Amino acid sequence: MEMKTKHRQHKQKVSAVQRQMTAFYKAKQQVRMYHGESNSTRVSDADRQKTVDVSSLTDILEVNSDERYVLVEPNVPLDALIQATIPFGLMPAVVSEFPGITIGGAVQGGAAESSSYAWGCLHEIALEYEVVLGNGAVVTASNKNHPDLYHGLACSYGSLGVLTLIKLQLVDAPKFVELAYVPVKSAAEASRVMTLVAKNKPLFIDAIMFGKEEGVVMIGNKANDLTLPLARFSQARDEWFYLHAQNVASKHSNYKERIPLQDYLFRYDRGAFWMGKHGYKLFHIPFNRFTRYWFSSFMKTRTLYRFLHGAHLSQQFIIQDLCLPKASVQEFVDYVDSRFGIEPLWLCPLKTDKEAWLAPNYLKSESVINVGLWGAFHGDYDAFIDTNREIENKVHSLGGRKVLYAHCYYEEANFWKVYDHERYLAIRKKYKADDSLKNIYDKVTVKKKYKASVIKGWMAILKDAGLQ
Ligand SMILES: Cc1cc2nc3c(=O)[nH]c(=O)nc-3n(C[C@H](O)[C@H](O)[C@H](O)COP(=O)(O)OP(=O)(O)OC[C@H]3O[C@@H](n4cnc5c(N)ncnc54)[C@H](O)[C@@H]3O)c2cc1C
(Lines give C-alpha, C1' and ligand atoms only; values in the text may rest on other atoms or scores of the structure.)
Protein backbone atom coordinates (compact mmCIF):
# COMPACT_ATOMS: atom_id res chain seq x y z
CA MET A 1 0.00 0.00 0.00
CA GLU A 2 1.19 3.46 -0.82
CA MET A 3 2.69 5.49 2.03
CA LYS A 4 0.23 8.37 1.54
CA THR A 5 -2.74 6.00 1.84
CA LYS A 6 -1.31 4.47 5.01
CA HIS A 7 -0.86 7.91 6.56
CA ARG A 8 -4.43 8.85 5.60
CA GLN A 9 -5.81 5.67 7.10
CA HIS A 10 -3.70 6.24 10.21
CA LYS A 11 -5.29 9.67 10.69
CA GLN A 12 -8.74 8.09 10.52
CA LYS A 13 -7.77 5.50 13.14
CA VAL A 14 -6.38 8.22 15.44
CA SER A 15 -9.63 10.20 15.05
CA ALA A 16 -11.55 7.09 16.13
CA VAL A 17 -9.37 6.78 19.27
CA GLN A 18 -9.85 10.51 19.94
CA ARG A 19 -13.61 10.16 19.71
CA GLN A 20 -13.57 7.28 22.19
CA MET A 21 -11.33 9.13 24.66
CA THR A 22 -13.33 12.36 24.43
CA ALA A 23 -16.50 10.44 25.28
CA PHE A 24 -14.87 8.64 28.22
CA TYR A 25 -13.44 11.94 29.47
CA LYS A 26 -16.82 13.63 29.39
CA ALA A 27 -18.44 10.68 31.14
CA LYS A 28 -15.56 10.52 33.70
CA GLN A 29 -15.19 6.86 32.85
CA GLN A 30 -11.75 5.40 33.62
CA VAL A 31 -10.83 2.83 30.97
CA ARG A 32 -8.22 0.22 30.07
CA MET A 33 -6.71 -0.53 26.63
CA TYR A 34 -8.00 -3.26 24.40
CA HIS A 35 -5.47 -4.36 21.80
CA GLY A 36 -6.31 -8.02 21.22
CA GLU A 37 -3.94 -10.70 22.48
CA SER A 38 -1.63 -10.00 25.40
CA ASN A 39 1.67 -11.43 26.65
CA SER A 40 0.89 -10.36 30.19
CA THR A 41 0.12 -13.22 32.57
CA ARG A 42 -2.79 -11.30 34.07
CA VAL A 43 -6.22 -12.32 32.88
CA SER A 44 -8.12 -9.46 31.30
CA ASP A 45 -11.77 -9.49 32.19
CA ALA A 46 -12.34 -5.80 31.49
CA ASP A 47 -15.83 -4.90 30.33
CA ARG A 48 -15.30 -3.99 26.64
CA GLN A 49 -17.52 -0.93 27.17
CA LYS A 50 -14.82 0.31 29.53
CA THR A 51 -11.88 -0.09 27.16
CA VAL A 52 -10.41 2.08 24.46
CA ASP A 53 -9.99 -0.08 21.37
CA VAL A 54 -6.56 0.23 19.75
CA SER A 55 -6.67 -3.14 18.04
CA SER A 56 -6.82 -1.70 14.52
CA LEU A 57 -3.48 0.11 14.90
CA THR A 58 -1.55 -2.62 13.10
CA ASP A 59 0.27 -0.82 10.28
CA ILE A 60 3.86 0.11 9.57
CA LEU A 61 3.69 3.53 7.96
CA GLU A 62 7.29 4.01 6.88
CA VAL A 63 10.71 2.41 7.05
CA ASN A 64 13.20 5.21 6.52
CA SER A 65 16.52 3.58 5.70
CA ASP A 66 18.39 6.90 5.27
CA GLU A 67 17.51 8.23 8.69
CA ARG A 68 17.21 4.73 10.17
CA TYR A 69 13.83 4.80 11.78
CA VAL A 70 10.48 3.12 11.40
CA LEU A 71 7.07 4.70 11.99
CA VAL A 72 4.99 1.94 13.48
CA GLU A 73 1.52 1.70 14.97
CA PRO A 74 1.51 0.22 18.49
CA ASN A 75 -0.32 -2.99 17.79
CA VAL A 76 2.29 -4.36 15.38
CA PRO A 77 3.95 -7.49 16.79
CA LEU A 78 7.71 -7.74 16.73
CA ASP A 79 7.89 -10.54 14.15
CA ALA A 80 5.87 -8.47 11.67
CA LEU A 81 8.02 -5.43 12.38
CA ILE A 82 11.33 -7.12 11.67
CA GLN A 83 9.91 -8.71 8.52
CA ALA A 84 9.33 -5.16 7.29
CA THR A 85 12.76 -3.78 8.30
CA ILE A 86 15.04 -6.71 7.39
CA PRO A 87 14.66 -6.16 3.61
CA PHE A 88 16.33 -2.78 4.27
CA GLY A 89 19.15 -4.53 6.16
CA LEU A 90 17.83 -2.97 9.39
CA MET A 91 16.09 -3.97 12.62
CA PRO A 92 15.05 -2.28 15.87
CA ALA A 93 18.00 -2.14 18.26
CA VAL A 94 15.92 -4.05 20.84
CA VAL A 95 13.68 -6.95 19.73
CA SER A 96 11.92 -8.76 22.60
CA GLU A 97 12.22 -12.52 22.73
CA PHE A 98 8.58 -13.37 21.97
CA PRO A 99 7.38 -12.66 18.41
CA GLY A 100 3.83 -11.75 19.49
CA ILE A 101 4.85 -8.92 21.82
CA THR A 102 3.54 -5.68 20.30
CA ILE A 103 5.53 -2.47 20.04
CA GLY A 104 2.98 -0.58 22.14
CA GLY A 105 2.88 -3.31 24.80
CA ALA A 106 6.68 -3.47 24.83
CA VAL A 107 7.10 0.29 25.29
CA GLN A 108 4.42 0.35 27.98
CA GLY A 109 5.51 -2.90 29.59
CA GLY A 110 9.30 -2.72 30.01
CA ALA A 111 10.22 -5.27 27.36
CA ALA A 112 13.89 -6.11 27.16
CA GLU A 113 16.24 -8.64 25.64
CA SER A 114 19.85 -9.54 25.07
CA SER A 115 20.83 -6.26 23.37
CA SER A 116 19.43 -4.34 26.35
CA TYR A 117 22.80 -4.37 28.11
CA ALA A 118 23.75 -1.71 25.53
CA TRP A 119 20.39 -0.10 24.67
CA GLY A 120 18.16 -0.56 27.71
CA CYS A 121 14.48 -1.56 27.45
CA LEU A 122 12.61 -1.18 24.19
CA HIS A 123 11.21 2.25 25.12
CA GLU A 124 14.77 3.61 25.08
CA ILE A 125 14.93 3.19 21.31
CA ALA A 126 11.61 5.00 20.86
CA LEU A 127 12.47 8.43 19.47
CA GLU A 128 8.97 9.86 19.47
CA TYR A 129 5.41 8.95 20.40
CA GLU A 130 2.11 10.15 19.01
CA VAL A 131 -0.26 10.05 21.97
CA VAL A 132 -3.99 10.56 22.42
CA LEU A 133 -4.37 12.06 25.89
CA GLY A 134 -7.11 11.26 28.36
CA ASN A 135 -9.24 14.17 27.06
CA GLY A 136 -8.87 13.18 23.40
CA ALA A 137 -6.19 15.74 22.45
CA VAL A 138 -3.27 14.47 20.32
CA VAL A 139 0.32 15.38 21.18
CA THR A 140 3.74 14.31 19.99
CA ALA A 141 6.15 13.50 22.81
CA SER A 142 9.91 13.25 22.40
CA ASN A 143 13.06 14.23 24.25
CA LYS A 144 12.45 17.82 23.08
CA ASN A 145 8.66 18.00 22.92
CA HIS A 146 6.83 17.33 26.22
CA PRO A 147 9.91 15.50 27.61
CA ASP A 148 8.11 14.85 30.92
CA LEU A 149 5.37 12.95 29.08
CA TYR A 150 7.92 11.19 26.85
CA HIS A 151 9.85 9.83 29.85
CA GLY A 152 6.74 9.25 31.95
CA LEU A 153 4.98 7.20 29.28
CA ALA A 154 7.55 4.40 29.26
CA CYS A 155 6.30 1.54 31.46
CA SER A 156 3.19 3.47 32.51
CA TYR A 157 0.99 0.56 31.35
CA GLY A 158 -1.41 2.71 29.35
CA SER A 159 -2.19 4.93 32.33
CA LEU A 160 -0.91 8.24 30.91
CA GLY A 161 -2.17 8.21 27.36
CA VAL A 162 -2.96 6.05 24.35
CA LEU A 163 -0.03 5.47 22.02
CA THR A 164 -1.06 5.67 18.38
CA LEU A 165 2.31 5.88 16.61
CA ILE A 166 5.90 5.19 17.60
CA LYS A 167 9.07 6.31 15.84
CA LEU A 168 11.60 3.62 16.55
CA GLN A 169 15.34 3.67 16.01
CA LEU A 170 16.82 1.06 13.64
CA VAL A 171 20.29 -0.45 13.46
CA ASP A 172 22.10 -2.79 11.03
CA ALA A 173 20.60 -6.27 10.95
CA PRO A 174 23.14 -9.08 10.55
CA LYS A 175 22.02 -12.04 8.40
CA PHE A 176 23.49 -14.48 10.91
CA VAL A 177 24.42 -14.18 14.57
CA GLU A 178 27.61 -15.83 15.78
CA LEU A 179 26.80 -17.09 19.26
CA ALA A 180 29.59 -17.95 21.70
CA TYR A 181 28.77 -20.07 24.76
CA VAL A 182 30.85 -19.65 27.95
CA PRO A 183 30.01 -22.08 30.79
CA VAL A 184 29.92 -20.56 34.30
CA LYS A 185 29.60 -21.99 37.82
CA SER A 186 27.56 -19.33 39.61
CA ALA A 187 25.35 -16.31 39.01
CA ALA A 188 28.14 -14.10 40.38
CA GLU A 189 30.54 -15.56 37.80
CA ALA A 190 27.91 -15.07 35.08
CA SER A 191 27.57 -11.39 35.96
CA ARG A 192 31.37 -10.98 36.08
CA VAL A 193 31.74 -12.57 32.63
CA MET A 194 28.87 -10.48 31.24
CA THR A 195 30.48 -7.26 32.54
CA LEU A 196 33.82 -8.25 31.04
CA VAL A 197 32.51 -9.19 27.60
CA ALA A 198 30.31 -6.06 27.47
CA LYS A 199 33.54 -4.05 27.11
CA ASN A 200 33.94 -5.53 23.61
CA LYS A 201 30.48 -4.19 22.69
CA PRO A 202 28.97 -7.35 21.19
CA LEU A 203 25.45 -7.17 19.77
CA PHE A 204 23.87 -9.45 22.38
CA ILE A 205 24.56 -10.82 25.89
CA ASP A 206 22.41 -13.01 28.12
CA ALA A 207 22.85 -16.00 30.43
CA ILE A 208 20.95 -18.98 31.79
CA MET A 209 21.56 -20.58 35.21
CA PHE A 210 20.41 -24.19 34.87
CA GLY A 211 21.11 -24.73 38.57
CA LYS A 212 22.91 -22.84 41.31
CA GLU A 213 26.30 -24.05 40.09
CA GLU A 214 25.67 -24.62 36.39
CA GLY A 215 25.13 -21.88 33.86
CA VAL A 216 26.14 -20.41 30.54
CA VAL A 217 26.78 -16.90 29.26
CA MET A 218 25.92 -16.38 25.59
CA ILE A 219 27.52 -13.62 23.52
CA GLY A 220 26.18 -12.73 20.08
CA ASN A 221 27.96 -10.89 17.28
CA LYS A 222 27.50 -10.48 13.57
CA ALA A 223 28.67 -13.78 12.03
CA ASN A 224 31.54 -13.30 9.61
CA ASP A 225 32.87 -16.85 9.73
CA LEU A 226 30.53 -18.81 7.47
CA THR A 227 32.28 -22.09 8.27
CA LEU A 228 30.85 -22.17 11.81
CA PRO A 229 28.23 -24.88 12.47
CA LEU A 230 24.70 -23.71 11.66
CA ALA A 231 22.00 -23.93 14.36
CA ARG A 232 18.28 -23.21 14.06
CA PHE A 233 15.53 -23.03 16.67
CA SER A 234 12.31 -22.27 14.81
CA GLN A 235 11.49 -25.59 13.15
CA ALA A 236 9.76 -28.59 14.76
CA ARG A 237 12.88 -30.71 14.33
CA ASP A 238 15.11 -28.16 16.11
CA GLU A 239 15.87 -28.55 19.79
CA TRP A 240 14.41 -26.01 22.24
CA PHE A 241 17.03 -23.33 22.67
CA TYR A 242 17.66 -23.69 26.41
CA LEU A 243 18.19 -27.45 26.10
CA HIS A 244 20.59 -26.90 23.24
CA ALA A 245 22.49 -24.29 25.29
CA GLN A 246 22.69 -26.63 28.29
CA ASN A 247 23.97 -29.44 26.11
CA VAL A 248 26.60 -27.20 24.49
CA ALA A 249 27.77 -25.81 27.85
CA SER A 250 28.10 -29.30 29.34
CA LYS A 251 30.40 -30.44 26.50
CA HIS A 252 32.44 -27.41 25.47
CA SER A 253 34.37 -24.76 27.34
CA ASN A 254 34.12 -22.29 24.46
CA TYR A 255 31.78 -23.10 21.59
CA LYS A 256 30.63 -20.93 18.69
CA GLU A 257 27.91 -21.40 16.12
CA ARG A 258 26.03 -19.46 13.49
CA ILE A 259 22.28 -18.76 13.80
CA PRO A 260 19.98 -17.07 11.23
CA LEU A 261 18.91 -13.70 12.66
CA GLN A 262 15.21 -14.45 13.18
CA ASP A 263 15.98 -17.82 14.75
CA TYR A 264 18.29 -16.03 17.16
CA LEU A 265 15.88 -13.19 18.03
CA PHE A 266 13.01 -15.59 18.76
CA ARG A 267 15.16 -18.48 20.01
CA TYR A 268 13.14 -18.77 23.22
CA ASP A 269 9.77 -18.81 21.43
CA ARG A 270 9.35 -22.59 21.24
CA GLY A 271 8.76 -23.65 24.82
CA ALA A 272 8.47 -20.01 26.08
CA PHE A 273 12.03 -20.26 27.41
CA TRP A 274 11.29 -23.48 29.41
CA MET A 275 7.74 -22.83 30.64
CA GLY A 276 6.27 -25.09 27.93
CA LYS A 277 7.71 -28.04 29.85
CA HIS A 278 4.94 -27.57 32.43
CA GLY A 279 2.38 -28.30 29.69
CA TYR A 280 3.86 -31.78 29.28
CA LYS A 281 3.62 -32.32 33.04
CA LEU A 282 0.02 -31.10 33.13
CA PHE A 283 -1.06 -33.58 30.46
CA HIS A 284 1.25 -36.39 31.65
CA ILE A 285 3.11 -36.43 28.34
CA PRO A 286 6.73 -37.61 28.45
CA PHE A 287 9.14 -34.76 27.76
CA ASN A 288 11.60 -35.88 25.11
CA ARG A 289 12.89 -34.95 21.64
CA PHE A 290 10.14 -36.93 19.93
CA THR A 291 7.27 -35.32 21.88
CA ARG A 292 8.86 -31.90 21.50
CA TYR A 293 8.77 -32.51 17.74
CA TRP A 294 5.14 -33.65 17.74
CA PHE A 295 3.79 -30.88 19.90
CA SER A 296 6.02 -28.17 18.43
CA SER A 297 3.21 -25.95 17.11
CA PHE A 298 1.44 -25.99 20.51
CA MET A 299 4.64 -24.89 22.18
CA LYS A 300 5.02 -21.49 20.52
CA THR A 301 4.44 -18.59 22.85
CA ARG A 302 1.33 -17.29 21.07
CA THR A 303 -0.41 -20.65 21.57
CA LEU A 304 0.89 -21.11 25.11
CA TYR A 305 -0.45 -17.67 26.05
CA ARG A 306 -3.86 -18.48 24.54
CA PHE A 307 -3.94 -21.60 26.68
CA LEU A 308 -2.76 -19.77 29.81
CA HIS A 309 -5.34 -17.01 29.40
CA GLY A 310 -8.16 -19.43 28.60
CA ALA A 311 -7.28 -21.82 31.44
CA HIS A 312 -6.64 -19.08 34.04
CA LEU A 313 -3.70 -21.09 35.32
CA SER A 314 -1.28 -18.27 36.06
CA GLN A 315 -1.86 -18.37 39.82
CA GLN A 316 -0.30 -21.80 39.84
CA PHE A 317 3.02 -20.39 38.68
CA ILE A 318 5.55 -17.85 39.83
CA ILE A 319 6.14 -15.88 36.64
CA GLN A 320 8.14 -12.76 37.38
CA ASP A 321 10.96 -10.73 35.86
CA LEU A 322 12.96 -8.93 38.51
CA CYS A 323 15.47 -6.19 37.84
CA LEU A 324 18.24 -6.11 40.41
CA PRO A 325 21.43 -4.17 40.95
CA LYS A 326 24.22 -6.39 39.67
CA ALA A 327 25.73 -6.61 43.16
CA SER A 328 22.54 -8.22 44.56
CA VAL A 329 22.05 -10.90 41.93
CA GLN A 330 23.93 -13.71 43.67
CA GLU A 331 22.06 -13.04 46.93
CA PHE A 332 18.74 -13.14 45.08
CA VAL A 333 19.64 -16.34 43.23
CA ASP A 334 20.64 -17.95 46.57
CA TYR A 335 17.31 -16.83 48.04
CA VAL A 336 15.37 -18.32 45.09
CA ASP A 337 17.31 -21.56 45.37
CA SER A 338 16.74 -22.00 49.10
CA ARG A 339 13.16 -20.75 49.12
CA PHE A 340 11.66 -22.13 45.87
CA GLY A 341 14.25 -24.27 44.10
CA ILE A 342 13.04 -22.82 40.78
CA GLU A 343 15.44 -23.39 37.88
CA PRO A 344 16.53 -22.52 35.25
CA LEU A 345 16.78 -18.76 35.75
CA TRP A 346 17.30 -16.27 32.95
CA LEU A 347 19.86 -13.51 33.51
CA CYS A 348 19.68 -10.55 31.15
CA PRO A 349 21.90 -7.51 31.75
CA LEU A 350 20.23 -4.12 31.20
CA LYS A 351 21.60 -0.64 30.83
CA THR A 352 20.39 1.45 33.78
CA ASP A 353 17.60 3.85 32.83
CA LYS A 354 18.27 7.40 34.00
CA GLU A 355 15.07 9.07 32.76
CA ALA A 356 12.04 6.79 32.58
CA TRP A 357 11.17 6.78 36.26
CA LEU A 358 8.53 4.07 36.06
CA ALA A 359 10.90 1.67 34.27
CA PRO A 360 12.07 -1.49 36.04
CA ASN A 361 15.71 -0.64 35.35
CA TYR A 362 15.41 2.91 36.77
CA LEU A 363 17.64 1.89 39.66
CA LYS A 364 20.41 3.52 41.63
CA SER A 365 22.88 0.86 40.55
CA GLU A 366 25.17 1.44 37.55
CA SER A 367 24.46 -2.01 36.16
CA VAL A 368 21.24 -3.97 36.31
CA ILE A 369 20.46 -7.62 35.72
CA ASN A 370 16.97 -8.87 34.97
CA VAL A 371 16.30 -12.26 36.56
CA GLY A 372 13.57 -14.29 34.86
CA LEU A 373 12.00 -16.33 37.66
CA TRP A 374 9.46 -18.63 36.06
CA GLY A 375 8.34 -21.91 37.58
CA ALA A 376 5.55 -23.89 39.22
CA PHE A 377 4.10 -22.83 42.57
CA HIS A 378 2.92 -25.47 45.05
CA GLY A 379 0.49 -24.13 47.63
CA ASP A 380 -2.96 -22.61 48.06
CA TYR A 381 -4.16 -19.14 47.02
CA ASP A 382 -3.28 -17.46 50.34
CA ALA A 383 0.22 -18.91 50.22
CA PHE A 384 0.50 -17.72 46.61
CA ILE A 385 -0.29 -14.14 47.60
CA ASP A 386 2.02 -14.25 50.62
CA THR A 387 4.82 -15.64 48.45
CA ASN A 388 4.34 -12.98 45.79
CA ARG A 389 4.42 -10.27 48.45
CA GLU A 390 7.52 -11.84 49.96
CA ILE A 391 9.26 -11.66 46.55
CA GLU A 392 8.08 -8.06 46.11
CA ASN A 393 9.58 -7.14 49.51
CA LYS A 394 12.78 -9.05 48.86
CA VAL A 395 13.35 -7.33 45.52
CA HIS A 396 12.64 -3.93 47.07
CA SER A 397 15.01 -4.60 49.97
CA LEU A 398 17.76 -5.51 47.48
CA GLY A 399 17.28 -2.20 45.65
CA GLY A 400 15.47 -3.72 42.66
CA ARG A 401 12.12 -3.48 40.88
CA LYS A 402 9.70 -5.93 39.32
CA VAL A 403 8.71 -5.80 35.69
CA LEU A 404 5.01 -5.03 36.10
CA TYR A 405 3.69 -7.15 33.19
CA ALA A 406 3.33 -9.97 35.72
CA HIS A 407 1.05 -10.52 38.71
CA CYS A 408 1.47 -7.87 41.41
CA TYR A 409 0.06 -8.20 44.93
CA TYR A 410 1.50 -5.07 46.57
CA GLU A 411 -0.52 -3.32 49.25
CA GLU A 412 -1.03 0.13 47.76
CA ALA A 413 1.24 1.89 50.31
CA ASN A 414 4.07 -0.54 49.50
CA PHE A 415 3.66 -0.03 45.77
CA TRP A 416 4.18 3.72 46.20
CA LYS A 417 7.32 3.08 48.22
CA VAL A 418 8.81 1.78 44.96
CA TYR A 419 7.41 4.41 42.58
CA ASP A 420 7.21 8.19 42.98
CA HIS A 421 3.53 8.76 43.80
CA GLU A 422 3.61 12.56 43.82
CA ARG A 423 5.30 12.71 40.45
CA TYR A 424 2.83 10.19 39.07
CA LEU A 425 -0.20 12.11 40.34
CA ALA A 426 1.18 15.36 38.93
CA ILE A 427 1.80 13.98 35.45
CA ARG A 428 -1.62 12.29 35.37
CA LYS A 429 -3.19 15.63 36.22
CA LYS A 430 -1.13 17.66 33.76
CA TYR A 431 -1.88 15.35 30.83
CA LYS A 432 -5.58 14.83 31.67
CA ALA A 433 -5.35 11.13 32.40
CA ASP A 434 -7.13 11.26 35.79
CA ASP A 435 -10.71 11.11 34.64
CA SER A 436 -10.47 8.67 31.76
CA LEU A 437 -7.55 6.25 32.22
CA LYS A 438 -7.15 3.66 34.97
CA ASN A 439 -4.16 4.27 37.21
CA ILE A 440 -1.09 2.04 37.12
CA TYR A 441 -1.62 0.50 40.57
CA ASP A 442 -5.13 -0.63 39.69
CA LYS A 443 -3.99 -1.94 36.32
CA VAL A 444 -1.08 -4.09 37.44
CA THR A 445 -2.37 -5.55 40.70
CA VAL A 446 -4.41 -8.75 40.72
CA LYS A 447 -7.25 -8.58 43.20
CA LYS A 448 -8.99 -11.88 42.82
CA LYS A 449 -8.58 -15.62 42.68
CA TYR A 450 -8.75 -17.04 39.17
CA LYS A 451 -10.93 -20.06 38.52
CA ALA A 452 -8.67 -22.49 36.68
CA SER A 453 -10.04 -24.71 33.90
CA VAL A 454 -7.80 -26.74 31.62
CA ILE A 455 -10.77 -27.41 29.31
CA LYS A 456 -11.31 -23.68 28.82
CA GLY A 457 -7.62 -23.40 27.94
CA TRP A 458 -8.04 -25.98 25.16
CA MET A 459 -11.20 -24.26 23.97
CA ALA A 460 -9.27 -21.00 23.65
CA ILE A 461 -6.70 -22.70 21.43
CA LEU A 462 -9.34 -24.45 19.31
CA LYS A 463 -11.37 -21.27 18.95
CA ASP A 464 -8.34 -19.46 17.69
CA ALA A 465 -7.60 -22.22 15.19
CA GLY A 466 -11.20 -21.84 13.91
CA LEU A 467 -12.11 -25.35 15.07
CA GLN A 468 -14.92 -24.33 17.35
C1 LIG B 1 7.77 -16.48 30.75
C2 LIG B 1 7.84 -15.04 30.27
C3 LIG B 1 8.99 -14.58 29.71
C4 LIG B 1 9.08 -13.30 29.25
N5 LIG B 1 10.21 -12.93 28.67
C6 LIG B 1 10.33 -11.75 28.16
C7 LIG B 1 11.52 -11.38 27.50
O8 LIG B 1 12.43 -12.15 27.37
N9 LIG B 1 11.62 -10.16 26.99
C10 LIG B 1 10.59 -9.29 27.11
O11 LIG B 1 10.71 -8.19 26.63
N12 LIG B 1 9.46 -9.58 27.75
C13 LIG B 1 9.29 -10.78 28.26
N14 LIG B 1 8.12 -11.09 28.89
C15 LIG B 1 7.07 -10.08 29.17
C16 LIG B 1 6.47 -9.29 28.03
O17 LIG B 1 7.42 -8.50 27.48
C18 LIG B 1 5.44 -8.30 28.51
O19 LIG B 1 4.34 -9.03 28.91
C20 LIG B 1 5.06 -7.24 27.44
O21 LIG B 1 4.45 -6.16 28.08
C22 LIG B 1 4.12 -7.81 26.46
O23 LIG B 1 3.59 -6.91 25.52
P24 LIG B 1 2.14 -7.12 24.90
O25 LIG B 1 2.27 -6.62 23.52
O26 LIG B 1 1.60 -8.45 25.10
O27 LIG B 1 1.36 -6.05 25.74
P28 LIG B 1 0.44 -6.20 27.03
O29 LIG B 1 1.15 -6.95 28.08
O30 LIG B 1 -0.88 -6.65 26.61
O31 LIG B 1 0.36 -4.68 27.41
C32 LIG B 1 1.30 -4.05 28.24
C33 LIG B 1 0.70 -2.73 28.71
O34 LIG B 1 0.66 -1.84 27.62
C35 LIG B 1 -0.59 -1.22 27.54
N36 LIG B 1 -0.82 -0.89 26.14
C37 LIG B 1 -0.94 -1.72 25.08
N38 LIG B 1 -1.13 -1.02 23.96
C39 LIG B 1 -1.13 0.30 24.30
C40 LIG B 1 -1.29 1.52 23.57
N41 LIG B 1 -1.49 1.55 22.27
N42 LIG B 1 -1.23 2.68 24.26
C43 LIG B 1 -1.03 2.68 25.60
N44 LIG B 1 -0.88 1.55 26.34
C45 LIG B 1 -0.93 0.38 25.69
C46 LIG B 1 -1.56 -2.24 28.09
O47 LIG B 1 -2.71 -1.63 28.59
C48 LIG B 1 -0.73 -2.86 29.21
O49 LIG B 1 -0.88 -2.16 30.39
C50 LIG B 1 7.99 -12.39 29.37
C51 LIG B 1 6.82 -12.83 29.93
C52 LIG B 1 6.74 -14.15 30.37
C53 LIG B 1 5.46 -14.62 30.95
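Keep in mind that what you see is a predicted model, and the values were worked out from it rather than measured. One-based numbering, in listed order, for ligands and for the atoms of each.
The closest side-chain heavy-atom distance from Leu345 to Ile208 is not below 4.5 Å. Counting heavy atoms from C-beta outward, Val52 and Met21 have side chains that approach closer than 4.5 Å.
Ligand-side atoms of ligand 1 in range of Val162: 42 (N), range being under 4.0 angstrom from any heavy atom. Using a 4.0 Å cut-off to heavy atoms of Gly158, the atoms of ligand 1 that qualify are 43 (C), 44 (N). Within the listing of ligand 1, atoms 33 (C), 34 (O), 35 (C), 43 (C), 44 (N), 45 (C) sit less than 4.0 angstrom from a heavy atom of Gln108.
In this structure, Lys443 has a heavy atom closer than 4.0 Å to ligand 1.
Of all the heavy atoms of Trp346, the ones lying under 4.0 Å from any atom of ligand 1 belong exclusively to the side chain. Residue Tyr405 touches ligand 1 through its side chain alone, judged by heavy-atom distances below 4.0 Å. The proximity of Trp274 to ligand 1, defined as any non-hydrogen pair under 4.0 Å, does not occur for either the backbone or the side chain. Residue-level proximity to ligand 1 for Glu113 is absent, since no heavy atom of it falls below 4.0 angstrom. Under 4.0 Å from ligand 1, heavy atoms of Ala111 appear from its side chain as well as its backbone.
Aromatic ring orientation, Phe98 versus Tyr305: perpendicular (interplanar angle above 60°, classes split at 30° and 60°).
Applying ring pair (Phe, Tyr, Trp, His ring centres under 6.0 Å) to Phe241 and the options Phe233, Tyr264, Trp346 leaves one that passes, Phe233.
For the pair Lys167 and Tyr69, the cation-pi test (distance below 6.0 Å, angle within 45°) is passed.
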